[in-house]
Student: 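Pasting a structure below so you can have a look.
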Protein chains: 2
Amino acid sequence: MTRRHEILAAAAEVFAQHGFRGSTTRRIAEAAGVNEVTIFRQFGSKEALLREAMVHMTDSAGLVVLPEIPSDPERELTEWSESFIQHLRLRSSIIRKTMGEIEERPEMSECASSVPTEASNELCKYLVALRRQGRTAEKFDPKTAAAMLMGAIFADAMGRGMMPDVYPQPKDKAAHMYTVLLLRALGVEIGSRRTTNKQAKRTKQLSA
Amino acid sequence: MTRRHEILAAAAEVFAQHGFRGSTTRRIAEAAGVNEVTIFRQFGSKEALLREAMVHMTDSAGLVVLPEIPSDPERELTEWSESFIQHLRLRSSIIRKTMGEIEERPEMSECASSVPTEASNELCKYLVALRRQGRTAEKFDPKTAAAMLMGAIFADAMGRGMMPDVYPQPKDKAAHMYTVLLLRALGVEIGSRRTTNKQAKRTKQLSA
DNA sequence: TGTGTAAGCAAGTAACTACTTGCATTTGGG
DNA sequence: CCCAAATGCAAGTAGTTACTTGCTTACACA
C-alpha cells in the first residue's frame, strides 16, 4: 500500500521532469527508493504505472468554489483566479509534459483536461448568475468570457518563467489584474457589493 | 543545399509529432527520404540538426503588423489577433512539444519565445498609442492587457482541440470575440473610427 | 513457530538508440 | 573526361530501454 503510493508519487515527479519517454523505469525506481523489478510486479508495465499516476494526480485538484449567488464579484472572482493560477503553477511542469504528448498518448491527456473543463463550467455559471442579477452592463457570451480569463491565467502560469518581458507585473498580482480586466469587459461595477437580502430580492424579481 | 532543407523540414515535422526523444534519426531520415548516415555527415549530431531546424522555423513568423497610429481599433486588432491565432494553430504541435521540453532543453525553447515576446511588445505599443489618443476610458497596464489578449488566444489555440466543451464558439470567431472583450475592458468605443487628421490633432494636443 | 506475500538482488534478453566505418555509386563543375 | 564532393548501402559498436527469471530475504499474521 505505502509502497504503491511512494512509487506513484515518484512516477509523477519523474514524469513532470522528463515526460513519458524520459521516465525510464530505472529513474522512477531510483526516485522511489525501490528496486526496478518491484514496479513491474506492482503495476505490470511502465504505461500502466504512469496512467495510474496521472489519474491519482487529477483527483487532488481542490479548487476554490464560487458562490452560487455572487455578492462581491471582484473579491470572489479574484480569490477563484488566484487559486486557479496557483493550481496551474504548482503543476506547470506536468501540464506542459502532458500537453506535449496529446498526439502520442491521448488517453493520458484526456484525464488532465477534466480540471479546466469543470473550472470553465463553474466560472461560467457564476458569470451567468452575475448577469441575472443585472450587474453586467454589456452583452457577452459567458463561455467566451470564461475562456478569456482562464486562458490568460493559463498562459501566465505556463509562460511567465520563460518570458519575463511579457510578464513584468508581480507574480502575485497577475490573477487580480486579469480578473479586473474581465469584470470591466463585462461592465461590472468594480468594488460594488450586494447584501444577500438585496440579492434574494433581485433574483426573485428577475426570475418572475 | 536542397538536401539540407529537405532534412530540416523533415526534422521539424517529426519533432512536431514525437518531440525530441521521439525524433529518432531513423525516423527523420525516412521522412526526408534520405539515408540515415547523411544526417550525421550533414549536421554532425541529432541535437545539432534539431537545433538548426528550430532556428530555421522561427525565422518564418510573418505576423500582421499593427499600425503606428490606431484608426479602427476593432478592425485592426481583430486582424492582428486572427493572424496571431492562426500562426499558433498552425504550429500548435511543435509549440506543445517545445514547451514540454523547456526544462530539459532550454536553449531550444528560448528561440521559440522570441515570437510571442515581440508580439507582446507590438501589441503593447498599439495599446499605449490608443491611450495617448484618449480613446481608452479606463486606467490599465498595457503589458497586462496585452498578456490577457495573447494568453486567451494562446490557450484557445492550444486547448480547443482537446476541450471542445470549453470552446463551443466557432473557431473563426474566437479571435474577434477576445478582441472585443479586451477593447471593452479598456473602455474603447467599439465600431468607432478616427480619421488621420483628427488623430494628428489629438496626438499633438495630448503631448503638449 | 510456520507460512505466504511482498520485496530485494543479480543477471539476462531482445529491441532500439545515436553514431561510426568502409566501400560503392552518383553527380556536377572545370 | 576527371576528379572531388555528396550520397547510398551494409554492417557494426556501445549504450539504453522495457521487461523477465530465479533465487534470497524480511515481515506480518495465525
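For clarity, every value in this text was computed on a predicted model and none was experimentally measured. Proteins get letters first, then strands, A, B, ... in listed order; numbering begins at 1 in each.
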Student: Taking all non-hydrogen atoms of both residues into account, name the closest pair between A:Lys46 and A:Phe20 and its distance.
Tutor: NZ-O, 3.0 Å
Student: Kindly say if B:Thr38 contacts the phosphate of D:dA6, meaning a side-chain N or O under 4.0 Å from OP1 or OP2.
Tutor: no
Student: Is B:Asn35 near enough to D:dC9 that one of its side-chain N or O atoms lies under 4.0 angstrom from OP1 or OP2?
Tutor: yes
Student: Less than 3.5 Å apart, any donor N or O on the side chain of A:His18 or B:Glu103 sitting next to an acceptor on the other?
Tutor: no
Student: Taking CZ from A:Arg3 and C1' from D:dA28, how many angstroms apart are they, rounded to a whole number?
Tutor: 14 Å
Student: Produce a footprint string for nucleotides 13-23 of chain C: one letter per nucleotide, 5' end first; B if the base is under 4.0 Å from any protein heavy atom, S if only the sugar-phosphate is, - if neither.
Tutor: ----BSBBBB-
Student: Can you give me the closest heavy-atom contact between A:Glu36 and A:Thr25, atom names plus distance?
Tutor: OE2-OG1, 2.7 Å
Student: State plainly whether the residues B:Glu101 and A:Lys97 are in salt-bridge range, i.e. N to O under 4.0 Å.
Tutor: no
Student: Grab the CD1-P distance between A:Ile28 and D:dA18 for me, whole Å please.
Tutor: 8 Å
Student: Could you list by number each residue of residues 96-104 of chain B showing a heavy-atom separation from DNA chain C of less than 4.0 Å, or answer none if no residue does?
Tutor: none
Student: Could you give the side-chain donor-acceptor pairs of residues 164-174 of chain A under 3.5 Å, partners two or more places apart or in another chain?
Tutor:
unit_1	atom_1	unit_2	atom_2	d
A:Tyr167	OH	A:Ala155	O	3.4
A:Gln169	OE1	A:Arg160	NH2	3.2
A:Gln169	NE2	B:Thr144	OG1	2.9

Student: Taking all heavy atoms of A:Leu130 and all of A:Pro73, pick out the closest pair and write down the distance.
Tutor: CD2-CG, 3.9 Å
Student: Find the distance A:Arg4:CZ to C:dT5:C1' and express it as a whole number of Å.
Tutor: 15 Å
Student: Figure out the CD/P separation between B:Gln42 and D:dA6, and round it to whole Å.
Tutor: 7 Å
Student: Determine, for A:Glu30 against A:Arg26, whether the closest basic-nitrogen to carboxylate-oxygen distance falls under 4.0 angstrom.
Tutor: no
Student: Under a 4.0 Å N-O cut-off, is there an ion pair linking A:Glu47 with A:Arg105?
Tutor: no
